[in-house]
Amino acid sequence: MGFISYFVDNYTASLYDIIVEYVDAEYSLWLTWFLTPVIVTFLLPAVIIVLIYMSSIIFHLYRLYRLRVVPGVQNDWKQAARLAVCALWDAHGWLWHGYEVRGLENIPEGPFLVIYYHGALPIDMYYFIARMLLFKRKHIHTVADRFMFKIPGWASLLEGLCVIPGTVQTCASVLQSGNSLAISPGGVYEAQFGDHCYRLHWKSRIGFAKVALEAKVPIVPMFTQNVREAFRTVGWLRGVCLRLYAATRVPLTPVYGGFPVKLITHLGPPIMYDPNLTPEQLQLKVANSIEKLIDEHQRVPGNILLALTERVWELPKKKKKVAQEQPITNGQKAKYQNGKVKEMQNGESDKCASDKVKVS
């Protein structure tokens with residue numbers, strides 16, 4: 001009996017080890033296969049962070065070694081560092097996204113204000129600034145949220161690239177000094193809570209309009225095709241992230257993506273200075289111009305697969321029938337969206353379900 005018991009125990013233990021080893025191996029393979037796309041989509045945005053820190057390191061190196069390096073190039077070490085950083089970003093945009101800029105003929109002479117749609121990451125603005133400085137020798141100052149100036153290691157980069165936490169007076173003085181400036185009225189809010197339906201989230205922000213009117217400069221509307229397909233925010237956390245943002249004013253919405261989709265920046269005709277316009281009227285006019293660029297060039301809702309296809313073949317966008325605008329009458333619902341009033345018939349719903357979440 002002792003021998004039989006010993007044999008049974010050993011056989012059971014061996015069989016258990018084989019089963020566990022087999023199950024562990026199969027489970028590990030399945031887990032690896034299942035999690036690889038998830039890990040990749042959340043790690044690719046980290047590449048952008050690495051590039052930003054590389055850019056910051058370049059400015060640090062130029063500042064430390066400017067007495068030895070810059071005399072062989074030019075007297076302005078910041079300009080030399082800007083060109084090096086812009087070369088890095090332009091190369092990334094060309095290789096990874098086939099980045100293009102269309103509508104450069106709409107850039108006016110002298111200072112101007114660029115108003116653009118803010119993607120989950122403003123990767124298009126990095127590329128646009130780089131392209132303008134490298135090929136047009138025109139440096140565009142930008143306005144960023146104040147939290148960016150609190151990130152360790154970014155101070156030299158933001159200073160060197162002339163990024164400011166703009167007030168109306170500060171922005172107007174930049175333009176009045178002869179420099180160009182870029183502002184996204186939606187800012188961090190639009191970055192976090194926008195989606196692939198490409199609707200503007202400006203609320204009642206008219207600061208940029210006051211800047212343009214005070215500085216008496218033209219406004220160039222800008223939109224980058226497929227910017228929401230390159231990087232996206234996690235939609236199912238929107239409610240939680242909205243409450244966190246309202247409490248802290250810090251963007252905490254997770255971003256995923258980094259997909260090598262085709263990116264094309266479209267510049268619309270400039271909106272010239274008109275002293276007869278109020279800030280509210282100018283905001284409405286600019287919003288309509290950006291929406292027109294979206295309607296002309298962006299497939300809505302955005303599609304990552306089609307945006308990837310456009311790297312090799314530019315797909316024509318289907319033309320939508322534009323309904324004639326009519327005055328709002330009783331029994332119809334008015335909706336303020338993207339800077340203009342649109343009609344919604346009773347029972348009509350938005351095309352994008354994600355936009356049903358209320359944001360304030």
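Numbering starts at 1 and runs along the sequence shown. All figures in this text were calculated on a predicted structure; none of them were measured in a lab.
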Roughly how far, to the nearest 0.5 Å, is [atom2] of [Y] from [atom1] of [X]?
| X | Y | atom1 | atom2 | result |
| --- | --- | --- | --- | --- |
| Ile57 | Leu157 | CD1 | CG | 10.5 Å |
| Ile123 | Leu51 | CD1 | CG | 7.5 Å |
| Leu113 | Phe208 | CG | CZ | 8.0 Å |
| Lys150 | Asp145 | NZ | CG | 9.0 Å |
| His139 | Asn179 | NE2 | CG | 8.0 Å |
| Ile290 | Lys285 | CD1 | NZ | 14.0 Å |

key: Intermediate values then yes/no, side chain to side chain donor-acceptor pair (under 3.5 Å), His92 and Tyr127   = CA-CA 8 Å; His92 183 270; Tyr127 298 150; 2.6 Å; yes

ask   = Any ion pair linking Arg102 and Glu100 (charged N to carboxylate O, less than 4.0 Å)?
value =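 A salt bridge is present here (some side-chain N lies under 4.0 Å from a carboxylate O).
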
Ignoring hydrogens, what is the shortest heavy-atom contact between [X] and [Y]? Give both atom names and the distance.
| X | Y | value |
| --- | --- | --- |
| Val261 | His97 | O-ND1, 3.0 Å |
| Ile183 | Cys171 | CD1-SG, 4.3 Å |
| Pro111 | Ser180 | CA-OG, 3.8 Å |
| Ala246 | Arg249 | O-NE, 4.3 Å |
| His196 | Val300 | O-CG1, 4.5 Å |
| Ala144 | Phe149 | O-CE1, 4.0 Å |

Using the rule that Ile, Leu, Val, Met, Phe, Trp and Tyr join whenever any side-chain heavy atoms are under 4.5 Å apart, tell me whether [X] and [Y] fall into a single cluster.
| X | Y | answer |
| --- | --- | --- |
| Met125 | Trp94 | no |
| Tyr99 | Ile264 | no |
| Ile206 | Tyr189 | no |
| Tyr245 | Val250 | no |
| Met54 | Ile48 | yes |

Are the side chain of [X] and the backbone of [Y] linked by a donor-acceptor contact shorter than 3.5 Å?
| X | Y | value |
| --- | --- | --- |
| Ser56 | Ile52 | no |
| Trp89 | Ser55 | no |
| Arg311 | Trp96 | yes |
| Thr248 | Leu244 | yes |
| Thr224 | Val227 | no |
| Arg82 | Leu161 | no |
| Arg205 | Pro185 | yes |
| Glu229 | Ala307 | no |
| Asn226 | Lys262 | yes |
| His118 | Leu200 | no |

Heavy-atom distance under 4.5 Å between the side chains of [X] and [Y], does that happen here?
| X | Y | answer |
| --- | --- | --- |
| Gln192 | Val255 | no |
| Leu133 | Gln79 | yes |
| Arg232 | Ile304 | yes |
| Pro275 | Leu213 | no |
| Leu267 | Val101 | yes |
| Phe147 | Val188 | yes |
| Ile115 | Ser184 | no |
| Pro254 | Cys241 | yes |

request  = Verify side-chain contact (heavy atoms from CB on, under 4.5 Å) between Ser289 and Ile271, making sure each step is shown before the conclusion.
outcome  = CA-CA 9 Å; Ser289 297; Ile271 300 171; 3.4 Å; yes

request  = Take Phe128 and Asp90 through the side-chain contact (heavy atoms from CB on, under 4.5 Å) test and state the conclusion after the steps.
outcome  = CA-CA 8 Å; Phe128 178 69; Asp90 189 67; over 6 Å; no

inquiry  = Can you confirm whether or not the ring centre of Phe223 sits under 6.0 Å from the ring centre of Tyr198?
reply    =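 Ring centres of Tyr198 and Phe223 closer than 6.0 Å.
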
ask   = Taking the six-membered ring for Trp, are the ring centroids of Trp202 and Tyr117 within less than 6.0 Å of each other?
value =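 For Trp202 and Tyr117, the ring centres are not under 6.0 Å apart.
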
message = Between Ser173 and Thr170, is there a side-chain donor-acceptor contact under 3.5 Å, judged purely by atom types and distance?
response =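 The criterion, which ignores hydrogens and geometry beyond distance, is not satisfied for Ser173 and Thr170.
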
ask   = Sequence neighbours excluded, which residues qualify as ring pair (Phe, Tyr, Trp, His ring centres under 6.0 Å) partners of Phe59?
value =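 Partners of Phe59 under the ring pair (Phe, Tyr, Trp, His ring centres under 6.0 Å) test: none.
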
ask   = Stepwise, does the side-chain contact (heavy atoms from CB on, under 4.5 Å) test hold for Leu175 with Val211?
value = CA-CA 9 Å; Leu175 292 166; Val211 168; 3.5 Å; yes

query = Is the count of non-hydrogen atoms from other residues, nucleotides or ligands lying under 6.0 Å from Lys210 atom NZ greater than 12?
reply =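 Atom NZ in Lys210 is not crowded, with 12 or fewer foreign heavy atoms closer than 6.0 Å.
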
message = For Leu181 and Val114: C-alpha separation, side-chain torsions, deciding distance, then whether side-chain contact (heavy atoms from CB on, under 4.5 Å) applies.
response = CA-CA 6 Å; Leu181 182 69; Val114 177; over 6 Å; no

request  = Check each of His266, Arg299, Gln298 against Gln225 using the side-chain hydrogen bond (donor to acceptor under 3.5 Å, both in side chains) test, and report the only one that passes.
outcome  =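 By the side-chain hydrogen bond (donor to acceptor under 3.5 Å, both in side chains) criterion, Gln225 pairs with just one of His266, Arg299, Gln298: His266.
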
